[in-house]
Amino acid sequence: MVSSYASSSRPEAAARQAALFQRHPAKVGRALIGWTLTVDGVGGRIVETEAYHHEDPASHSFSGATPRNAVMFGPPGRAYVYRSYGIHWCLNVVCGPDPGSAVLIRALEPTDGLETMRERRGVAEPRNLCSGPGKLCQALAITRAHDGLPLDAPPFELVPGDAAGIVAGPRIGISRAVDLPWRFGEAGSRFLSRPFPRG
DNA sequence: ACCGAGATGATCT
DNA sequence: GATCATCTCGGTG
């Protein structure tokens, strides 16, 4: 079969991502801070994530596979998108090797397509465009249509990057396993959904 | 700054 | 009928 890669860097990036996602979601969530995520060229640097594991009572996968969370039990590196509170969408990256693990993308530092994001969100300040899982899905126009799509192929693009420092703390908006420190963020970022405790 | 409430629909008991 | 991996707005200090 003839290769049709337009860029020699794409196979390298795909291989690096495949290796990254084959780990415990807490490691993946930490490692993803500083990477850049875009959809059709609109997006920014990942500055906040949360990990969910199939043995974690707060995870959608805790009680087994259902139609909603089916993608969580499939191959790593795909998008798991679900509706939150009947209004918003939330984006996860499926992890392996254990089935039923994922990392919730909670906030981006907007870098690409600012004007498009402003129109979609109806707000102007960069700080308010992607500072939450529902906000960033609105800004990037992520919906159920993206559920199950691989993140290393269009319309998604995931580019490796680094963070100056990483902070961790308890996850937000859950009622079970509230003490697990599986929320990760870039230290000092002004684009978080909320500050981290004591730091 | 902090707090409460409403929006709105899929999922689960 | 209750529970959400949320956001926005309006009230109060």
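Just so it is clear, the structure is predicted and the values come from calculations on it, not from any experiment. In what follows, chains are A, B, ... by sequence order, proteins preceding strands, each numbered from 1. What's counted below: heavy atoms across the whole structure, side chains too, no hydrogens, waters or symmetry copies.
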### Task
Name the residue closer to the 5' end of DNA chain C, choosing between Asn128(A) and Tyr80(A) according to the nucleotide with the nearest heavy atom.
Tyr80(A)

### Ala58(A) vs Val123(A), nearer the 5' end of DNA chain C by closest nucleotide
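That would be Ala58(A).
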
#### Entry: Lys/Arg cation over aromatic Trp89(A): Arg144(A), 6.0 Å, 45° cone
no

Let me know the distance between [atom1] of [X] and [atom2] of [N], rounded to the nearest Å.
X: Gln138(A); N: dT8(B); atom1: CD; atom2: P; value: 14 Å
X: His60(A); N: dT3(C); atom1: NE2; atom2: P; value: 15 Å
X: Leu129(A); N: dT8(C); atom1: CG; atom2: P; value: 10 Å
X: Met72(A); N: dA5(C); atom1: CE; atom2: P; value: 11 Å
X: Arg194(A); N: dC3(B); atom1: CZ; atom2: P; value: 10 Å
X: Tyr82(A); N: dC12(B); atom1: OH; atom2: P; value: 13 Å
X: Phe62(A); N: dA5(C); atom1: CZ; atom2: C1'; value: 15 Å
X: Asn69(A); N: dA5(C); atom1: CG; atom2: C1'; value: 13 Å

According to the Watson-Crick and G-U wobble definitions, with both distances under 3.5 Å, which nucleotide is paired to [N]?
N: dT13(B); result: none
N: dA5(C); result: none
N: dT8(B); result: none

### Query
Ser63(A) near the nucleic acid: base, sugar-phosphate alone, or nothing, with a heavy-atom cut-off under 4.0 Å?
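Answer is nothing: Ser63(A) stays at 4.0 Å or more from every strand.
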
### Message
What contact category does Leu104(A) fall into here, base, sugar-phosphate, or nothing, at under 4.0 angstrom with non-hydrogen atoms?
### Response
base

### Query
Just checking, any donor-acceptor pair under 3.5 angstrom between side chains of Arg106(A) and Ser193(A)?
yes

### Query
With no hydrogens and no angle check, do the side chains of Gln138(A) and Arg121(A) hold a donor and an acceptor under 3.5 Å apart?
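Short answer, yes.
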
### Message
For His53(A), is there any backbone N or O sitting under 3.5 Å from a side-chain donor or acceptor partner on Ser101(A)?
### Response
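Absent.
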
If you only use heavy atoms from C-beta on, which nucleotide in [options] is closest to the side chain of [X]?
X: Arg68(A); options: dT11(B), dT8(C), dA5(C); answer: dT11(B)
X: Ile87(A); options: dT8(C), dA5(C), dA7(B); answer: dA7(B)
X: Tyr85(A); options: dA5(C), dT11(B), dC4(C); answer: dC4(C)
X: His88(A); options: dT6(C), dT8(C), dA5(C); answer: dT6(C)

### Query
Which heavy atom of Arg194(A) sits nearest a heavy atom of Arg183(A), and at what distance?
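Smallest heavy-atom distance, with atoms named: O-NH2, 2.6 Å.
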
Tell me whether the side-chain N/O atoms of [X] come closer than 4.0 Å to OP1 or OP2 in [N].
X: Ser84(A); N: dC7(C); result: no
X: Arg106(A); N: dT6(C); result: yes
X: Ser175(A); N: dT3(C); result: no
X: Arg121(A); N: dT8(C); result: yes

### Query
Would a line drawn from the ring center of Tyr82(A) to the ring center of His60(A) be shorter than 6.0 Å?
yes

